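See below for the structure under consideration.
Remember, predicted model here, so these are calculated numbers, not experimental data.
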Amino acid sequence: MIMVWMLRWMILVQVLSVTFLLCLTYPDKQNGNHFAPMCSKGEYITGHHTPLSTDLVRGIVNSRPVVNFYRLITSLKRGYSLTHALNIFHMLGFVHQESHRTQWDVLWAHESPFISGNLTNKVHHNQKVSQVPGMQQITHKAKLTTQGGLKYVPKSFLIPQQKLNFLEEVKKNKHKNRLWMQKNIEHRGNQVKKLQELDLNKESIIQEYISNPYLAQGRKMSLGIYVIVTSVDPLRVYIVDTKYVIRCTSKLYDPEDFTDPRTCITDGVDQSNAANFRLELEKGKDQITVKYKYKEDTGSNVVFAREGYDTYWIQSQLYDAVRDVFEQKWSSIKRIINPTKRDSFFCITRWDFVPDEDFNLHLLEANMSPNMPDAEHPFYVSFFTSTLYSLLRISGVGDIRKNNSTRPSYIIRDSDVMLNSIPSCYNSSNISCDNEEYLLCPQCMTKSQIEMLKALVFEHLNRHGVKRVFHTQRMDDFSSNNTQRVNINLGSSFDLYHDWLSHKCQLDMYWCY
């Protein structure tokens, strides 16, 4: 009899526990809060008319970190999909809060939150914002494409300001029968035109059109990658490795007719009339199927390889293009960020490239708030979810607890960043910290430098499928003429952590990329 009663009590306790947990995440749609607790209103959950203590539930909920979706309604009206972000934050234990409040742990923003008000200086050291001040230097079309000097960006001109420069370029290369794309500065509205069709008085960007594109089963395509920034000084940039966003035109490419954008422009095509694009290749008994607009990176790499393209070379172009842009734009971005708040910002952007028939990549734009729409195929859900999870893990958001951001200093020990591979640090009795040779010696490193390296170690351990853009290589992978540090002007902090990584890379290849 005692055993029967004990069994009944065990079952009752389990039922109450499960029901209680369900209550914590029951959607409260009436108040517009996706994650508000049902039981905080005192609903009866046991069937015995005994309400759960409201104070108890509120105490538990209040201990959970808060995510604030900046201008949520506006973002939804403009077509941004936040489903994946909501799900990921829910999975990580966050509570969603109305956007007009200021007590939050993470501010998730599709639009720039820095335009109105001085948010850059108001952010608390325990708060995180999913935008980086100054990134408009890269994500704004005109600032990225028309300032010149970037290896992978086609010739571009800001009209009418650079009208004379454009005419001079045309005159120097008049033997070339080139086409041009006239772009709206702010958003979509691109058109492919011949020289005589261009409106040189309209405020726009005129960019050389890639008229010999790579064709996927007769359709022009673009290739997108996700780029993550976790710090500007020192610069830490990552690529979601080998995961591509493939866009294809909804109609077959016609090299003689550019009047229909659905044949020649991959951005902003009419989705309602876009037929499903399917690319099928046989690999033994397996069939690789790719559906229109977004497709799995594994399938695309197999396709490229089977057509004779070196996929390693494709990836090396992507990394080189991102490095080239950040090397030239870094100083402009750095000037905008408050140095005391530099650990509070992170972001993800999507960079779109068009490959030509030889698979040389041409960078068209970088999107500040890449939309991650819902899709029918289960792959898309896992693809976007995995990308956002990687972002939140490497930025430290996934480890945030209420009002106490889990900063690297709490997780990584000082000893974890000390190098034991520099003999001169331990064999010399006359160490001068002014000498570059001894900068990484424990006795010469400052507190701020140690904290910086802790952040690097933390991100390295939490990178979940992303790779550093500014990676190092083992010295035995270089020729004898290439063993010196690449001359990149990204600040002394970058030089320090790059040298630190080089030492770690010599000991363990895990630290090379």
Practice problem: Please determine, by modelled atom types, if Asp352 and Asn367 share a side-chain donor-acceptor pair under 3.5 angstrom. | Solution: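 Asp352 vs Asn367: donor-acceptor pair found between side chains.
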
Quiz item: How about Tyr438 and Gln443: does a side-chain donor come under 3.5 Å of a side-chain acceptor?
Solution: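 Checked: Tyr438/Gln443 side chains show no N/O donor-acceptor pair below 3.5 Å.
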
Exercise. Please name all residues satisfying disulfide (SG to SG under 2.5 Å) with Cys441, sequence neighbours left out, ordered by chain then number.
Key: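 Once residues adjacent in sequence are excluded, the partners of Cys441 under the disulfide (SG to SG under 2.5 Å) criterion are Cys425.
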
Check whether the ring centres of [X] and [Y] lie less than 6.0 Å apart, and answer yes or no.
X	Y	answer
His362	Phe353	no
Phe326	Phe470	no
Phe89	Phe94	yes

Self-check item: Met452 CE to Lys447 NZ distance, which is reported to the nearest 0.5 Å
Solution: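 If I round to the nearest 0.5 Å, the distance is 15.0 Å.
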
Quiz item: At what distance, to the nearest 0.5 angstrom, does CD1 of Ile336 lie from CD of Gln136?
Solution: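 Here the interatomic distance stands at 7.0 Å.
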
Exercise. Mark yes when over 12 heavy atoms from residues, nucleotides or ligands other than Lys329 sit less than 6.0 Å from its NZ; otherwise mark no.
Key: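 Buried by this count: over 12 neighbours within 6.0 Å.
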
Quiz item: side chain to side chain donor-acceptor pair (under 3.5 Å) with Trp108: which residues, sequence neighbours excluded?
Solution: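 Once residues adjacent in sequence are excluded, Trp108 has no partner under the side chain to side chain donor-acceptor pair (under 3.5 Å) criterion.
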
Practice problem: Return the minimal non-hydrogen interatomic distance between Ile412 and Lys454, and the atom names on each side. | Solution: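 Answer, listing the atom of Ile412 first, then Lys454: O-CE, 3.2 Å.
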
Quiz item: If every non-hydrogen atom of Ser390 is compared with every non-hydrogen atom of Val466, which pair is closest and at what distance?
Solution: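 Shortest heavy-atom contact: CB-CG1, 3.9 Å.
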
Quiz item: Between Tyr214 and Phe359, what is the ring plane arrangement, given parallel below 30°, perpendicular above 60°, and tilted in between?
Solution: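 Correct class here is tilted.
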
Exercise. Could you check whether the rings of Tyr226 and Phe384 sit parallel, tilted or perpendicular, using 30° and 60° as the cut-offs?
Key: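 Tyr226 vs Phe384 ring planes: perpendicular.
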
Self-check item: Main-chain N/O of Leu235 paired to Tyr497 side chain as donor or acceptor, under 3.5 Å
Solution: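 Yes; at least one donor-acceptor contact below 3.5 Å.
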
Practice problem: Measure from the side-chain N and O atoms of Lys128 to the backbone N and O of Ser395, and report whether any donor-acceptor pair falls under 3.5 Å. | Solution: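 Pair found, side chain donor or acceptor close to backbone of Ser395.
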
Quiz prompt | NZ/NE/NH1/NH2 to OD/OE distance under 4.0 Å, Asp343 and Lys341 | solution =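 Between Lys341 and Asp343 there is no salt bridge, as every charged N stays at least 4.0 Å from the carboxylate O atoms.
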
Quiz item: Does a side-chain N-to-carboxylate-O contact under 4.0 Å join Lys151 and Asp320?
Solution: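 Looking at Asp320 together with Lys151, the answer is yes, because their closest N to O distance falls below 4.0 Å.
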
